[in-house]
Enquirer: 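Here it is, the structure in full.
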Amino acid sequence: MKRRLIAGAAALVVGMPTVVGMTTSSAAAAPVTGLPTTAFPLGQPGIPKSAHKSLAPGIDYFTVKHGTSKDGYTVSVIAGGKDFMTEATAQTQALAVQDAGMTPMIVKFTRPAVADFPAADFWMVRVGSWSLKDKDEAAKVVKELKKAGISSKVDYTGDDGFQTSGPWSMRVVTIDPRSFRGSFRSSLGTSVAKRETVSSMAKAAGAMIAVNGGFFDIHTLKNLRGDPTGLSVVGGKLLSEAVPGRIGLVLKGRTARITELSSSVVATTDGGGKAVVAGVNRVAKPDELVMYTEEFGAKTPKNDGAEAVLDASGKVIAVRSPGAAVTRGTRVLHGVGAAAEWLWEYATEGTTIQVKTTVTDLRTKRTIPLTPDTSIVAGAIGLVRGGQTAITAQRDGMANVNMILRRHPRTLAGVTASGKLILAVVDGRDPGKTVGASFIEAAQIMRWLGARDAINLDGGGSSVMVIGKKVVNRPSDGVERGVGDSLLVLPR
C-alpha cells in the first residue's frame with residue numbers, strides 16, 4: 001500500500017488566489033494628471049503614489065508606486081529540476097520531508113488559462129514561513145534538507161503570482177504623436193551578434209528615452225548571443241527573421257502599432273536557381289540557407305558548408321568556405337548540407353543572386369514597406385488586443401508556469417486608440433520593495449494605462465529604462481545587462 005502524507009503532518013492545500021483586479025473604492029488622493037483616475041488594478045484598491053515630469057512636447061514621464069510588503073520567505077522542494085510537480089510527486093516529496101523531521105506543506109495552485117493555452121493544476125511542497133528579515137533561517141532549512149538528500153531552495157512568496165499586496169514600482173513614459181516631433185527607432189547596437197547595454201545604444205543614437213527590446217538567443221554560440229529571437233528591422237533593413245505569427249511593434253517615424261508578423265527571404269539566381277533563405281544573422285540548421293548582413297559583426301560560423309559573398313547589386317564576388325567576416329557593403333549567403341550544394345551549383349563568381357525580402361502584417365494581410373524610417377521590434381508576447389486581455393503565451397513560445405504566472409521585472413509597450421505609445425518598466429525581484437508582474441498582471445497594468453494593444457518585451461534582468469544618460473529603474477541584476485536590441489525615442 002502506498003504511503004500518503006498523514007493529516008498529522010499539517011499538510012496545507014490551497015488554491016491559487018485571484019490575481020485579477022479588485023473592485024475599486026474611493027481614492028484617498030487625487031491621481032497625477034496624465035495617469036488614469038481609476039484605482040491601480042493590482043493589490044488593495046486605491047490611487048497609487050506617483051510623480052510626473054514633462055520631458056518634451058508630447059512626452060510625459062511618470063513614476064508609479066503602489067502597495068505594501070506583506071510577503072516573506074519559504075523553502076520550496078525541487079523535483080526534476082522544478083519547484084512545481086504532479087500531486088503524486090508532491091506526496092512523495094512531502095513524505096521525504098516528513099521523514100527528515102520537518103513539517104511539509106503541500107500547496108496546490110492553478111496556472112490560469114490564457115488566450116491560447118488552457119489552465120492546469122500543479123502542486124508544490126514547501127517548508128516553513130519567515131519574514132523578510134529572517135531569510136537566513138530559511139537558508140538553514142535548505143542545508144538541512146540537502147543533508148537528507150532533498151533538493152530545495154529559498155523562495156520569496158511575492159514571486160509566486162498568487163494574491164499579494166505588492167508593492168509595485170514602475171516607470172512609465174507616454175508619447176503622443178500629435179505633439180511629439182521626434183521619431184522612434186530600433187537598434188541592435190554596434191552589431192547583431194554582440195549584446196550591448198541599452199544605455200550604450202541610446203548614447204550612440206542620441207536618444208532621449210530608451211528601453212530594452214525583445215528576447216535574444218542565449219542558447220546559440222557564445223559569441224552570437226545578441227541575435228534577436230524574433231523579427232528585427234532597423235532602418236528598413238531586415239536583420240533577424242520573424243517567427244511566423246508572433247507579435248511585434250512596428251515603428252515608422254513617430255507612429256507605432258502592434259500586429260502579428262511574418263517575413264520571407266528568397267534568393268533567385270540568374271541561372272534559374274531559387275531557394276528560401278531560412279534565417280538572417282543566425283546559425284544555420286541542417287540543410288538551411290541563411291544570410292549574414294554587414295551588421296552581423298562577427299565571423300560566420302565555421303563548418304563544412306559553403307558561402308557566397310554578394311555585393312550591393314547581388315553580384316557574387318567570392319565563393320568560400322565558412323568562417324570569415326562579412327565586410328562592409330556585402331552580404332553572405334551561407335549554406336549547410338543541401339543548401340551548400342545549391343550554392344556550389346548556382347553561386348559562381350560573376351553571377352548574380354537577387355535576394356527579395358518581404359515583411360507582412362498578418363492582421364491586414366499587407367506587405368510592410370521597408371523604408372529607411374521603418375523599424376520593428378519583436379520577439380515578444382501579446383498581452384492586450386482591442387482593449388481586452390489576450391495573452392498569446394503558446395503562440396509566442398512562453399506557455400509555462402514561470403512566464404504566465406510567476407512575477408518578474410517586465411518591459412511593456414502599448415498603443416492607445418489615439419496612437420499614443422506607452423512604454424512601461426515594472427521592477428521586480430526586489431523583496432519588500434517591488435514584486436514585478438505576471439503576464440496577467442502586466443496585461444492589467446497596460447489596460448489601466450489605456451493601451452488598446454500591448455506586448456511584453458524581454459524582462460527579468462534585461463528590463464531597463466534610460467532617460468537621457470541615466471538608467472531610471474532598478475535592473476534586477478544589480479547592474480545593466482547587455483541585451484539584443486532596444487527601442488529608442490529620438491529628438492528628431
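Basis for what follows: all heavy atoms, side chains included, without hydrogens, waters or symmetry-related copies.
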Enquirer: Any idea which heavy atoms bring Asp311 and Arg331 closest together, and the distance?
Expert: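 Smallest interatomic distance, heavy atoms only, reads O-NH2, 3.7 Å.
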
Enquirer: Just so I know, are the side chains of Met201 and Val483 near enough to count as touching, which here means a heavy-atom distance under 4.5 Å?
Expert: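 Side chain of Met201 against side chain of Val483, heavy atoms only: contact under 4.5 Å found.
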
Enquirer: In terms of the angle between their ring planes, are Tyr73 and Tyr156 parallel, tilted or perpendicular, with boundaries placed at 30° and 60°?
Expert: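 Plane angle between 30° and 60°, so tilted.
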
Enquirer: Within the structure provided, determine whether Arg257 and Asp361 are in side-chain contact (heavy-atom separation under 4.5 Å).
Expert: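 Side chain of Arg257 against side chain of Asp361, heavy atoms only: contact under 4.5 Å found.
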
Enquirer: Roughly how far, to the nearest 0.5 Å, is the CG atom of Asp60 from the NE2 atom of His52?
Expert: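 One gets 3.5 Å once the value is rounded to the nearest 0.5 Å.
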
Enquirer: Could you pull out the closest heavy-atom pair between Asp71 and Thr157, with the gap in Å?
Expert: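 For Asp71 versus Thr157, the nearest heavy atoms are CB-OG1, 3.2 Å.
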
Enquirer: Any luck finding a side-chain donor-acceptor pair between Thr197 and Ser200 under 3.5 Å?
Expert: no

Enquirer: What class does the angle between the rings of Phe184 and Phe180 fall in, given that below 30° is parallel, 30 to 60° is tilted and above 60° is perpendicular?
Expert: parallel

Enquirer: What pair of heavy atoms forms the shortest contact from Ile209 to Val173, and how long is it?
Expert: CD1-CG1, 3.7 Å

Enquirer: Using 30° and 60° as the class limits, which term best fits the ring planes of Phe109 and Phe84: parallel, tilted or perpendicular?
Expert: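 The rings of Phe109 and Phe84 stand perpendicular, inter-plane angle above 60°.
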
Enquirer: For the residue pair Gly459 and Arg481, what are the closest heavy atoms and their distance?
Expert: O-NH1, 4.3 Å

Enquirer: For the side chain of Thr352 and the backbone of Asp270, is there at least one donor-acceptor N/O pair under 3.5 Å apart?
Expert: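 No, the answer is negative, given that no donor and acceptor are paired below the 3.5 Å cut-off.
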
Enquirer: Using only atom types and a distance under 3.5 Å, with no angle test, would you say the side chain of Arg225 pairs donor to acceptor with the backbone of Thr220?
Expert: yes

Enquirer: Taking atom CG of Asp485 and atom OG of Ser186, what is their separation to the nearest 0.5 Å?
Expert: 7.0 Å

